[in-house]
There are 2 protein chains.
Amino acid sequence: MATIYDVSVLAGVSLATVSRVINKNGNVSEKTTKKVMEAMDSLGYRPNAIAQSLASNRSNSIGILIPELCGPFFGNLMAGAEKRLRDANKHVIITAGHSNEESEKAGIEFLLSRNCDALILHLDALSDDYLEALCEKGIPLVIINRYIKPLHDRCIYLDNKTGGYLATKELLDLGHRKIAYIAGPHWKEDAKARFEGHTQAPRETGIKLENELVYMGDFKQESGTEGLKTLLNSNHQFTALVCANDEMASGAMAYAREQGMQLPEELSIIGFDNIVYSSYLFPALTTINYPVEEMAKMAAALILKEVYQVKGLKISNEFYPTLIRRHSVLPEKG
Amino acid sequence: MATIYDVSVLAGVSLATVSRVINKNGNVSEKTTKKVMEAMDSLGYRPNAIAQSLASNRSNSIGILIPELCGPFFGNLMAGAEKRLRDANKHVIITAGHSNEESEKAGIEFLLSRNCDALILHLDALSDDYLEALCEKGIPLVIINRYIKPLHDRCIYLDNKTGGYLATKELLDLGHRKIAYIAGPHWKEDAKARFEGHTQAPRETGIKLENELVYMGDFKQESGTEGLKTLLNSNHQFTALVCANDEMASGAMAYAREQGMQLPEELSIIGFDNIVYSSYLFPALTTINYPVEEMAKMAAALILKEVYQVKGLKISNEFYPTLIRRHSVLPEKG
DNA sequence: TTGTAGGCGTTATCAG
DNA sequence: CTGATAACGCCTACAA
């Protein structure tokens, strides 16, 4: 691989001059620039980003840490951030945190060791304290889907509680009184908030929901299946089911079908996230929209603004869930 | 951030010695090792991967280029490779090629400029020639889902043609004679091969399929919807539909539902890929299994073997599709 | 406008 | 077993 040195020799100029034309800083005469350019592509020269990064302490790359690399939710998160950043000529380095503390820590270390200029983090396990410490070290970071008070301007988050509220409220408004719930793991903040919203809705209007009608899932499809199975076997009647995310909802729907239930006639189901294929389920899933791609773009914008001093960017930290009505919910006919 | 120099001072040894204990090469006395270790964690020292990479010309990171960061297929591809590599203490750097030549080239350049030790590529647009040239430059790479003869031992590919054959064969065996097809874009090799398999099946048994019953999609859900709509309006009857991937199949199913069709009674549908949610569709989708995660792991293994000299790894380059029977296909009752 | 030289944090090759 | 010291490829004052 040709180096900047080879270029300088071939162009008959100094290292410094070549560096200047690469970075388009400093003043270089048109003639010299041309010479250098020609030398560069006659050699097929490509700057070594590693060396640039070491010398300049800038890598033009942003680290992204997410729990898993697959799945529709995180897919959109990655895609949103990558798109926005690519447009600004920055690159992303992505790694998985696998929802456990050690792994999340290792992921952050890895990203930092790669000289990332900033981090976008979707964490499940790491403590607020750790993140605050990170911030204090001067590491620019943006936290997605989590609200940490002292770091509020570095958080891009959704009002999960309101989302949970909206879902259950919709069912209540349609006359449902026996509503089951398949939850996400309560040690995840978003799952907890969604559940709180779920309990708030009936409380407001003096309605009581049965505690037995709650199943603890893990946000994966299988646990939706498992959840509905358990609920159905519990001898508690219910006419509607709220799932803490769409994946569990689709798992539950598949199980309902398997049991020969008519949907939505025999059971109204509502999800959360509005992942891409929720509208392709049958019946199309009524759900709560989680604008994750927008949020990821916003995270990217925040970094562009703070770290790279891009002007004219408006930042909003809080995003709001909305109800998407489709065909998986029917009024209670009782 | 503490450097190796700080550590050496605090431990009262030389740079070289510290480097030795970091890399566990060279012989260092137990006593010295201990001193250095203590100095390292009292300083919270973490090696700067960038500097290591520059000095050693090894980055322990593997570049992955895929068309899109989201979507179930590529999600599994990433996840498979990342898992296998992480187990071997290597890291991945992921970037998107967006299915166009320029972008794919830029992606590769980016990965190379980050000093990746090897590349895993899923390309759509880049020519064989370009890849061969890359190989000749001595850049270790693995190509997924594409067969390039001169590079055959660096390719991990699926027999897409057989897959296409299996799908249509299944329908023929069940008595279907009017079979529509929603294709992927023919400039993508896999799409082309699948279609060839589709046409081979009837030819074998002297059956003729109508050419009009083919719609050109783009592998996205919407084009499945659009495709079925077009097909239905074409005034050509058909009792079964083959889709070149599951996403288009789900789009088609949603449209069929919308039109009030009974599935699978009024139309048998078969997909390709066996993406994670195909079993959650209703009816659960009969499809062709594409072991993408396995293949990605194999790609990783190939790199571990060739680049990092890991012993005892068995490599297979070709993978085979299998028919997954679920509930979206019924025998033709004509 | 251009060139010189020191430095970024490591690794690796020598001697000792 | 340990320590100097020259790379690695580039950036960036500072000089000229």
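Here is how names work: the chains are called A, B, and so on, in the same order as the sequence lines, proteins then strands, and each is numbered from 1. No hydrogens, no waters, no symmetry mates; every other heavy atom, side chains included, goes into these values.
- As rounded to whole Å, 11 Å separates atom P of D:dG9 from atom CE of A:Met1.
- Of the charged side-chain nitrogens involved, none lies within less than 4.0 Å of a carboxylate oxygen, so that A:Asp190 and A:Arg146 do not count as a salt-bridged pair.
- Backbone-only engagement by B:Asn23 is indicated by non-hydrogen atom pairs under 4.0 Å involving sugar-phosphate atoms exclusively.
- Note: A:Ile94 CD1 to A:Ser61 OG = 11.5 Å, rounded to the nearest 0.5 Å.
- Checking D:dG9, D:dA4, C:dA12 against every side-chain atom of B:Ser14, the shortest atom distance belongs to D:dA4.
- Taking atom CD of residue B:Glu30 and atom P of nucleotide D:dC1, one finds them 10 Å apart after rounding to whole Å.
- Distance from the side chain of A:Ser19 is smallest for D:dC11 among the nucleotides C:dT2, D:dC11, C:dG9.
- Atom C1' of nucleotide C:dG9 and atom CE of B:Met40 are separated by 15 Å, given to the nearest angstrom.
- Closest to the B:Asn25 side chain, of the nucleotides D:dG9, C:dG3, C:dA12, is C:dA12.
- A:Tyr147 has its ring centre no less than 6.0 Å from the ring centre of A:His152.
- The side chain of A:Ser29 contributes an N or O atom lying less than 4.0 Å from OP1 or OP2 of C:dT2.
- Residues A:Thr32 and B:Leu54 both approach DNA chain C. Their nearest nucleotides, taken by heavy-atom distance, put A:Thr32 toward the 5′ side.
- Taking the six-membered ring for Trp and thresholds of 30 and 60 degrees, B:Phe110 and A:His91 have nearly parallel ring planes, at less than 30 degrees apart.
- Taking atom CG on B:Asn57 and atom P on C:dA12, their separation rounds to 10 Å, with Å as the unit.
- Annotation: cation-pi pair B:Lys188/B:Phe219 absent, no NZ/CZ under 6.0 Å from the ring centroid and within 45° of its normal.
- Picking from D:dT2, D:dA13, C:dG9 the nucleotide with the shortest atom distance to the side chain of A:Ala16 gives D:dA13.
- Look at CG on B:Asn115: it is 10 Å from P on D:dC10, rounded to the nearest Å.
- Residue contacts for B:Asn27: at a heavy-atom cut-off of 4.0 Å it reaches a base atom on one of the strands shown.
- Put simply, CG on A:Leu15 is 13 Å from C1' on C:dG6, counting in whole angstrom units.
- The distance between atom NZ of A:Lys24 and atom C1' of D:dT12, rounded to the nearest whole Å, is 18 Å.
- For D:dA7, the OP1/OP2 oxygens have no side-chain nitrogen or oxygen of A:Tyr5 closer than 4.0 Å.
- Contact detail for B:Pro47 and A:Ser113: the closest heavy-atom pair is O-CB, 3.9 Å.
- Among the heavy atoms of the strands, none lies under 4.0 Å from A:Val18.
- Distance, A:Leu43 CG to D:dG9 C1': 15 Å, rounded to whole Å.
- Side-chain atoms of B:Arg46 and base atoms of C:dG9 include no donor and acceptor less than 3.5 Å apart.
- Out of C:dT2, D:dG9, C:dT11, the shortest distance to the side chain of A:Asn48 is found at D:dG9.
- Each of B:Thr17 and B:Ser56 lies near DNA chain D, and the nucleotide nearest B:Thr17 is the one positioned closer to the 5' end.
- The residue A:Arg58 sits apart from the nucleic acid: no heavy atom pair falls under 4.0 Å.
- You'll find that the side chain of A:Ile4 is closest to D:dC10, out of D:dT5, C:dG9, D:dC10.
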